[in-house]
Trainee: 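Before anything else, here's the structure in question.
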Amino acid sequence: MKTILNRIGAIRVTPARFFGFWAVLFALVFALTSCSDDLDVQQSYPFTVEVMPYADKIANGETIELRFEIKPEGNYSNTMYTIRYFQYEGNGSLKMVDGPVLVNNDRVLLESKTFRLTYTAKSSDSHKFLVVIEDNFGSTPWEQTFEFNDNDSDDNGGTGSLVVTPINPGTVTPIGK
């Protein structure tokens, strides 16, 4: 052990060796402390939903088509979207074109970011329902209320129903809870 210490003491410390030692020590400490095993992958992206314009009047037994397109701000291949609705006025059925009839407040998986729904009125009352689209990461859901009035009423109060225009028939941004 004493011979090793004698050899270390016998080494001439030149400025190049002194700064080289500190440079190697600094690089080693930096390399060992700057590494991180965490990979930052963004999975959840905010999204909007575009709704094509639609009619605001519907008669008993009549069907209206609603066209939707989900537009996320980023792309993550494992993002899944679900849809649900809640009808709070009128009587009718909401169905996915080439898909199932939606059950009030049940979630249904959307197979595509572009899809169509049909609403069929089963009464001559006014109809109001809320459509909610969510992703599987629990980000802010998209919501829109759809309102339709009886097609047989006239604007002069023929059946006494109020004419209501649809809420936000264009691009809608998500709302916070």
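What you see is a predicted model, and the numbers here were worked out from it, not measured in a lab. For this chain, numbers begin at 1 and follow the sequence in order.
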Trainee: Scan Tyr81, Phe68, Trp142 and name whichever one has a ring pair (Phe, Tyr, Trp, His ring centres under 6.0 Å) with Phe47.
Mentor: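 One option only clears the test, and that one is Tyr81.
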Trainee: For the ring pair Tyr54 and Phe148, is the centre-to-centre distance below 6.0 Å?
Mentor: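 They qualify: ring centres under 6.0 Å apart.
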Trainee: Taking all heavy atoms of Ala121 and all of Ala59, pick out the closest pair and write down the distance.
Mentor: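 Looking at all heavy atoms of both residues, the closest pair is CB-O, 3.4 Å.
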Trainee: Look at the side-chain heavy atoms of Ile, Leu, Val, Met, Phe, Trp and Tyr, link any pair under 4.5 Å apart, and say whether Phe86 and Val132 land in one connected group.
Mentor: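 Same cluster: Phe86 reaches Val132 through Ile, Leu, Val, Met, Phe, Trp or Tyr contacts under 4.5 Å.
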Trainee: If you look at every heavy atom in Ile64 and Lys57, which pair is closest and at what distance?
Mentor: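 Shortest heavy-atom contact: CD1-O, 3.4 Å.
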Trainee: More than 12 non-hydrogen atoms from neighbouring residues, nucleotides or ligands closer than 6.0 Å to OH on Tyr88, yes or no?
Mentor: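 Yes, the 6.0 Å shell around OH holds more than 12 heavy atoms from other groups.
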Trainee: Could you tell me the separation between the CG atom of Asn149 and the NE2 atom of His127, rounded to the nearest 0.5 Å?
Mentor: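 Interatomic distance, Asn149 CG to His127 NE2, rounded to 0.5 Å: 8.5 Å.
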Trainee: Are Val24 and Val29 joined in one hydrophobic group, where the rule is that I, L, V, M, F, W and Y side chains link up if heavy atoms are under 4.5 Å apart?
Mentor: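 No, Val24 and Val29 fall in different hydrophobic clusters.
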Trainee: Compute the ring centroids of Phe146 and Tyr85, then answer whether they are less than 6.0 Å apart.
Mentor: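 When the ring centroids of Phe146 and Tyr85 are compared, they turn out to be at least 6.0 Å apart.
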Trainee: If the threshold is 4.0 Å, N to carboxylate O, is there a salt bridge linking Glu50 and Lys71?
Mentor: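 Counted as a salt bridge, because a side-chain N and a carboxylate O are separated by less than 4.0 Å.
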Trainee: Give me the atom names and distance for the closest heavy-atom approach of Val131 to Leu94.
Mentor: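 Residues Val131 and Leu94, closest heavy atoms: CG2-CD2, 4.4 Å.
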Trainee: With Tyr119 as reference, evaluate Glu62, Glu65, Gln87 under the side-chain hydrogen bond (donor to acceptor under 3.5 Å, both in side chains) test and give the passing residue.
Mentor: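 That would be Gln87.
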Trainee: Can you hop from Ile70 to Val108 via hydrophobic side chains spaced under 4.5 Å?
Mentor: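 Linked, Ile70 and Val108 end up in one cluster.
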Trainee: Going through the checks in order, is the salt bridge (Lys or Arg N to Asp or Glu O under 4.0 Å) test met by Arg67 and Glu69?
Mentor: CA-CA 7 Å; Arg67 296 179 182 207; Glu69 183 176 359; over 6 Å; no
Trainee: Determine, stepwise, if the pair Glu147 / Ser126 fulfils side chain to side chain donor-acceptor pair (under 3.5 Å).
Mentor: CA-CA 7 Å; Glu147 299 181 20; Ser126 62; over 6 Å; no
Trainee: Does some side-chain heavy atom of Thr63 sit less than 4.5 Å from a side-chain heavy atom of Ile58?
Mentor: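 In short, these two side chains do not touch, never coming nearer than 4.5 Å.
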Trainee: Mind checking the CG-CG spacing from Asn105 to Leu130? Nearest 0.5 Å is all I need.
Mentor: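 The CG atom of Asn105 sits 9.0 Å away from the CG atom of Leu130.
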Trainee: State the CG-OG1 distance between Asp135 and Thr82, to the nearest 0.5 angstrom.
Mentor: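 Here the interatomic distance stands at 8.0 Å.
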Trainee: Evaluate the side-chain proximity of Leu102 to Arg84: yes if any heavy-atom separation is below 4.5 Å, no if none is.
Mentor: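 With C-beta onward as the side chain, the pair stays apart.
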Trainee: What heavy-atom pair brings Thr120 and Gly61 nearest, and what distance separates the two atoms?
Mentor: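 That closest heavy-atom pairing would be CG2-O, 4.1 Å.
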Trainee: To check you understand the geometry: which heavy-atom pair defines the closest contact between Lys122 and Asn60, and what is its length?
Mentor: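 Scanning both residues, the minimum pair turns out to be C-OD1, 3.1 Å.
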Trainee: Could you tell me whether the side chain of Thr79 reaches within less than 4.5 Å of the side chain of Asn136, counting heavy atoms only?
Mentor: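 Yes - at least one pair of side-chain heavy atoms lies under 4.5 Å apart.
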Trainee: Grab the two heavy atoms, one from Lys113 and one from Pro72, that are nearest each other, plus how far apart they are.
Mentor: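 Scanning both residues completely, I find the closest heavy atoms to be NZ-CG, 3.7 Å.
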